[in-house]
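Below is one structure; the comments refer to it alone.
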Amino acid sequence: ADDPCWRDPFIEALAPQADERILDFGAGSAHRVVGLAKRFPDTSFVAIDLNRTASKKAAKKARARGIQNVEFAMADANGRLPFAAAGFDK
């Protein structure tokens with residue numbers, strides 16, 4: 001759920017900045033990352049999930065909302081990412 005009790009402190013701690021690249025591992029439905037991407041359009045987000053169906057649905061939802069600063073990718077069963085961890089600011 002979209003509960004401000006945790007959401008607002010989370011966003012404050014994350015403090016997304018323009019030109020940063022932020023990873024959301026275990027994005028699931030991507031509700032959180034899509035909301036962040038909409039709120040911080042100059043920040044790039046990468047949403048990773050092991051569930052291909054959830055990732056495809058999330059990407060479709062983001063496209064339907066016109067969100068263009070989220071990239072969706074899959075991790076393998078061992079949690080290995082398809083890119084270097086050094087490619088992220090947070």
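Heads up: numbering here begins at 1 and tracks the sequence.
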Side chain proximity check, [X] to [Y], heavy atoms < 4.5 angstrom:
X: I22; Y: V46; result: no
X: V34; Y: K38; result: no
X: D19; Y: D42; result: no

Between [X] and [Y], what is the shortest heavy-atom contact and its length?
X: A18; Y: T43; result: N-OG1, 4.0 Å
X: F45; Y: A37; result: CE1-CA, 3.6 Å
X: K61; Y: A30; result: NZ-C, 4.4 Å
X: V33; Y: A47; result: CG1-CB, 3.9 Å

(message) With clusters defined by side-chain heavy atoms of hydrophobic residues (ILVMFWY) lying less than 4.5 Å apart, directly or transitively, does L14 cluster with I67?
(response) yes
(request) Only counting residues at least two apart or in another chain, list the ones meeting salt bridge (Lys or Arg N to Asp or Glu O under 4.0 Å) with R65. (result) none
Is the backbone N or O of [Y] less than 3.5 Å from a side-chain atom of [X], with the two atoms forming a donor-acceptor pair by type?
X: K90; Y: L23; value: no
X: D49; Y: S55; value: no
X: N69; Y: F40; value: yes
X: D89; Y: R21; value: yes

(message) As a quick check of understanding, evaluate side chain to side chain contact (heavy atoms under 4.5 Å, CB included) for L36 and I11, giving each step before the final call.
(response) CA-CA 8 Å; L36 286 167; I11 292 171; 3.7 Å; yes
(message) Ring of F72, cation from R63 - is the NZ or CZ under 6.0 Å from the centre and inside 45° of the axis?
(response) no
